[in-house]
Amino acid sequence: MSNVPLTAAERMEKIVSLCKRKGFIFQSSEIYGGFNGFWDYGPLGAELKRNLRERWWLAMTRDREDVVGLDATIVMHPGIWKASGHVDTFADSMRESTLSNKRVRTDHVEPQSGNVLEYSGARTATGWSLGKPIRVLLRKGEHIESLRKRVKTLLASVHSVSGEIELLDEQNVGAVENSVDFHAEDGGALGEARPFNLMMRTWVGPTATDADIAYLRPETAQAIFAQFKNVLDSSRVKVPFGICQIGKAFRNEVTPRNYTFRSREFEQMELEFFIRPDEAIEIIAGKVTPWTEGADLSTPQPDWGWQMWHRYWVAERTRFYQNIGLGDALEYYFQPAEDLAHYARACVDILFQFPFKTDELEGIAARGAFDLTQHQIHSGKPQEVFDDELKAAAAKLSPEQKEALLQKRLTEEKAKGDCGLDEAAVRAWFERLFAGFYVPHVIEPSAGLDRLVLAILCHAYAEESVPDAKGNPEVRNVLRFHPRIAPVKVAVLPLLRNKPELVAKARAVYDELRQDLAATFDDGGAIGRRYRRQDEVGTPFCVTIDFETLGEKGPELQDTVTLRHRDSMQQERIKISELAARLRAAVR
RNA sequence: GCGGGCGUAGCUCAGUGGUAGAGCACUUCCUUGCCAAGGAAGAUGUCGUGGGUUCAAAUCCCAUCGCCCGCUCCA
């Protein structure tokens, strides 16, 4: 058996088609023409997604002692999004170059100086023409021929025209100094500023005035920060510990693309794992273990600072993906320091090679104390924890040791330039720290559930070339889901439909198995066809009831069935009494 | 938002102004038999949506929605 070669585009098309045909994923609101950026899960997709969600939740909560769950609302106090920075960063005003249609943020336009040229239009000898006038900036020192060539090249690529482009009625309309009306790269005049609001708005309360505006959350994480104190005070947890949440989030993506990959409504699985600041670790443990290549990340240690915790969570999350059969398909991207957002200290992306491109499944960020500090400032409610171990350890430090810690931090803050804390702020922070108080730092593994479903489908999809009954090669479609996450675990099949005693026996086996396994019953068509039907939706096991099951070939085969394996297509004979335990073990 | 391509049965697609099609899938029945191909019968469409041109539109024109590709955006 070998895999049929497919191009990336063919592969993706087949996956999309299979998902619709078999009830994994449907377009939202399809009977009304669809709705861009929204997708529904059909019967099998809902099961698959539920299995993945359940695995993540159990890996976080049941399998660990140091993480608890939360289930918060989608609509929250608008102040949360002010504090988190989303109201500002998600509502950019954008302008477009009229020449290239390239967008630029209004507040990022670089002032330009030079002469403004205007053309009434452009055309080619082959019949293409541009009706609208073109304004473009001839920068100081730029040769006019170089500008003409650049404009022609841009027009050719933007409008997909070939052949020589002729620019019409060139006019010099005057000089400008430090103008913010031209695109920095292509020199094209910028159009009107338009707001790009990436947060979805709604109104809470029946009056729907501006004062009632609220937002559908653009991420689930902020609810965790907003409820941090309540969880801390009610759950007998102490730092280091985590709070996890699974739920819907909403963004007005500029371009929803690539099937379900970038949707406007999507589901996130997020953990905020709260840790002590490195200074607290140093006081308590005497040192902070730096991360080194090959470090032992299996068991958290008291002297771990944020770096080790960050790497630990990368390893933990990798283990999760291995357990659902994606381990061999991941790539990692360590964001270079200069690309990090101002509040992040490190970020690792876990990527999957989708047929359309390799892109992010999960981001694991070390975010320092940024979020809780923001909420402390905006809400006016302290978000500090009290750490008695820290207080006791700090009490044993000499004034010189304390000053040394402080000076070290001061040097770090100075290195940050304008965004660093001043000396008074650092002294105040250490005073609280020595008394046992601090705002915890956080490691944030944030995964997209819909992206995971898509990755699982893409990874599982295979077309094999297998010989048919006559030995001719034939294509077999199969979804090679790990049995743990397969939407249906076992199909029960009577060999023939028109023999009531076979059907009755098969029904009895089905009724027993479905008590604790996702099972299905199929008596339609030839047996081989039914096997292939189950392969196509990724059912790992088929159980076939035949006349031997009924005892026709003697008592030793009575109450045995054929157990057929999806990937190898091998069959074995097994007693009905052993079936449930055997299958349960395989899907655990 | 810009440019290009596309939208016909559940799926894949043919159909360039004159009666809406094929293959697969599906439904029912027959078959003592294990890897999609046996036999018989059957159901399936506002040709994405709205408007226009025409005696006549799946076909031509306009608008709109959706999908794909590129640009753009992406805490």
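Within every chain, numbering begins at 1; the chains are lettered A, B, ... in the order of the sequence lines, protein sequences first and strands thereafter.
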Say we look at [N] and [M]: how far apart would their [atom1] atoms be, to the nearest angstrom?
N	M	atom1	value
B:rG18	B:rU72	P	44 Å
B:rG17	B:rC60	C1'	8 Å
B:rG4	B:rC24	C1'	32 Å

Per [X] side chain, nearest of listed nucleotides [options]:
X	options	result
A:R532	B:rC34, B:rC73, B:rA36	B:rA36
A:R497	B:rG33, B:rU32, B:rU28	B:rU28
A:Q27	B:rG66, B:rA36, B:rU32	B:rG66

Counting Watson-Crick and G-U wobble pairs only, both distances under 3.5 Å, name the nucleotide matched with [N], or none.
N	value
B:rA58	none
B:rC67	B:rG5
B:rA25	none

| field | A:R264 and A:E253 ion-paired at < 4.0 Å | value |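 Looking at A:R264 and A:E253, the cut-off is not met.
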
Problem set entry | Cationic N near anionic O, under 4.0 Å, A:D535 to A:R564 |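 A salt bridge is present here (some side-chain N lies under 4.0 Å from a carboxylate O).
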
Practice task
Check step by step if side chain to side chain contact (heavy atoms under 4.5 Å, CB included) holds for A:V509 and A:I545.
Solution key: CA-CA 9 Å; A:V509 172; A:I545 282 74; 4.3 Å; yes

task = First locate atom CD of A:E13, then atom OH of A:Y259, and finally report the distance between them rounded to the nearest 0.5 Å.
result =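 A:E13 atom CD to A:Y259 atom OH measures 12.0 Å (nearest 0.5 Å).
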
Check: Does A:F547 lie flat on the base of B:rU32, that is, centres under 5.5 Å apart and planes under 30° off?
Finding: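 According to the criterion (under 5.5 Å, under 30°), yes, A:F547 stacks.
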
Confirm from the modelled atom types if A:R529 and B:rC35 form a donor-acceptor pair under 3.5 Å, side chain to base only.
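Checked by distance alone, the answer is no.
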
